[in-house]
Amino acid sequence: MSIVVENITKIYGEQKALHNVSFRIAKGEIVGFLGPNGAGKSTMMKILTTYLKATSGNAVVNEFDTTTEARNVQKSVGYLAEHNPLYLDMHVREYLAFNANVYKTPKSRIEEVIVMTGLLPEAHKKISQLSKGFRQRVGLANALLHDPEVLILDEPTTGLDPNQLTEIRNLITSIGKEKTIFLSTHIMQEVEAICDRVIIINKGEIVADTTLAKLQKDQ
Ligand code: ADP
Ligand code: ADP
């Protein structure tokens with residue numbers, strides 16, 4: 001199993017963001033995490049990437065416990081946050097080199113992820129000069145740097161224009177041939193375009209967990 005979540009509850013002060021959430025994602029699956037704003041998607045993803053601690057329950061990623069083996073989890077997960085923090089003044093290669101250094105990834109990997117994400121024509125530019133779609137590619141390249149088994153992508157296409165949207169979805173689909181992907185969205189079409197399976201969350205609770213094939217048959 002790539003991801004095992006058991007009875008996760010997260011309370012911020014008085015606000016219950018997740019209530020008894022459980023699911024499992026097998027290696028190689030592309031799973032959509034669908035729900036409206038405020039449903040608890042980012043909170044779940046931050047727990048899986050070890051940036052937040054759950055109030056109770058258990059989450060294991062690539063066999064590593066997110067609370068006791070956080071460094072191992074981080075090494076095996078690539079994360080694209082919803083508000084992807086990019087250094088706008090850096091050039092694309094410089095930014096990736098900076099992060100490669102943090103991960104202690106070999107330099108040769110930088111050119112690999114640039115090619116993989118279609119960034120080659122833009123890689124000499126400053127991030128501030130890139131369109132939103134290309135900035136998302138930089139975020140994806142960054143998430144792929146340490147060749148993680150699992151990618152966690154928080155709303156990766158929000159705010160993109162229709163052309164960029166299609167290109168980024170195609171890119172994620174092609175990356176998904178080799179990785180496990182857990183992707184959040186508030187748009188059903190995104191799930192239909194990219195995912196094999198969907199977990200639907202509302203007000204911090206899982207309300208459905210089904211394959212796309214089954215969902216489409218039932219409609
Ligand atoms: P989503 O990603 O589905 O939009 P979030 O996980 O961001 O949902 O938020 C779930 C709920 O938790 C929302 O009600 C949100 O306002 C609340 N929340 C998120 N982060 C915090 C925080 N740091 N402090 C208090 N409440 C928070
Ligand atoms: P993201 O989805 O990347 O977390 P958000 O806009 O949802 O971005 O939240 C930005 C920051 O504010 C995050 O650290 C989040 O945890 C926090 N946050 C979100 N909702 C609330 C809230 N209701 N009260 C306090 N902090 C919040």
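We count ligands from 1, going down the list as the structure has it; atoms in each ligand are counted the same way.
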### Query
Of N202, T43, I47, which has the heavy atom at the shortest distance from atom 6 (O) of ligand 1?
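That would be T43.
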For [X], atoms of ligand 1 separated by under 4.0 Å from a heavy atom:
X: A17; value: 10 (C), 11 (C), 12 (O)
X: S42; value: 1 (P), 2 (O), 6 (O), 7 (O)
X: A39; value: 1 (P), 3 (O), 8 (O)
X: N37; value: 4 (O)

### Message
Could you check whether F182 and Y79 have their ring centres less than 6.0 Å apart?
### Response
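Centroid separation for Y79 and F182: 6.0 Å or greater.
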### Message
Could you tell me if K10 sits above the aromatic ring of Y12, with its cationic atom closer than 6.0 Å to the ring centre and no more than 45 degrees from the axis?
### Response
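The answer is yes; both the distance and angle limits are met.
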### Query
Short N/O distance, under 3.5 Å, between E82 and ligand 1?
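N/O-N/O distance under 3.5 Å: no.
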Distance-only donor-acceptor pairs under 3.5 Å for side chains of residues 138-149, two or more places apart:
from, atom 1, to, atom 2, distance (Å)
N142, OD1, N99, ND2, 3.0
H146, NE2, Q74, O, 3.4
H146, NE2, V77, O, 2.8
D147, OD1, K179, NZ, 2.6

### Task
Would you please test E82 and K41 for salt bridge (Lys or Arg N to Asp or Glu O under 4.0 Å) and show each step?
CA-CA 10 Å; E82 184 178 5; K41 304 183 297 296; over 6 Å; no
### Message
Within this structure, what is the CG-CG distance for the pair N7 and L18, rounded to the nearest 0.5 Å?
### Response
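Taking CG in N7 and CG in L18, the distance rounds to 12.0 Å.
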### Location of contacts on K41 toward ligand 1, heavy atoms closer than 4.0 Å
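The answer is both.
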### Task
For ligand 1, indicate whether the residue P36 contacts it via side chain, backbone, both or neither (heavy-atom separation under 4.0 Å).
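Just the backbone.
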### Query
Does CD in E178 sit with more than 12 non-hydrogen atoms of other residues, nucleotides or ligands closer than 6.0 Å?
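Count not over threshold, so no.
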### Query
Measuring from the heavy atoms of G40, does anything fall under 4.0 Å of ligand 1?
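Yes, G40 has heavy atoms under 4.0 Å from ligand 1.
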### Message
Show every salt bridge (Lys or Arg N to Asp or Glu O under 4.0 Å) that has at least one partner inside residues 164-175, sequence neighbours left out.
### Response
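For residues 164-175: R137-E167, R169-E190.
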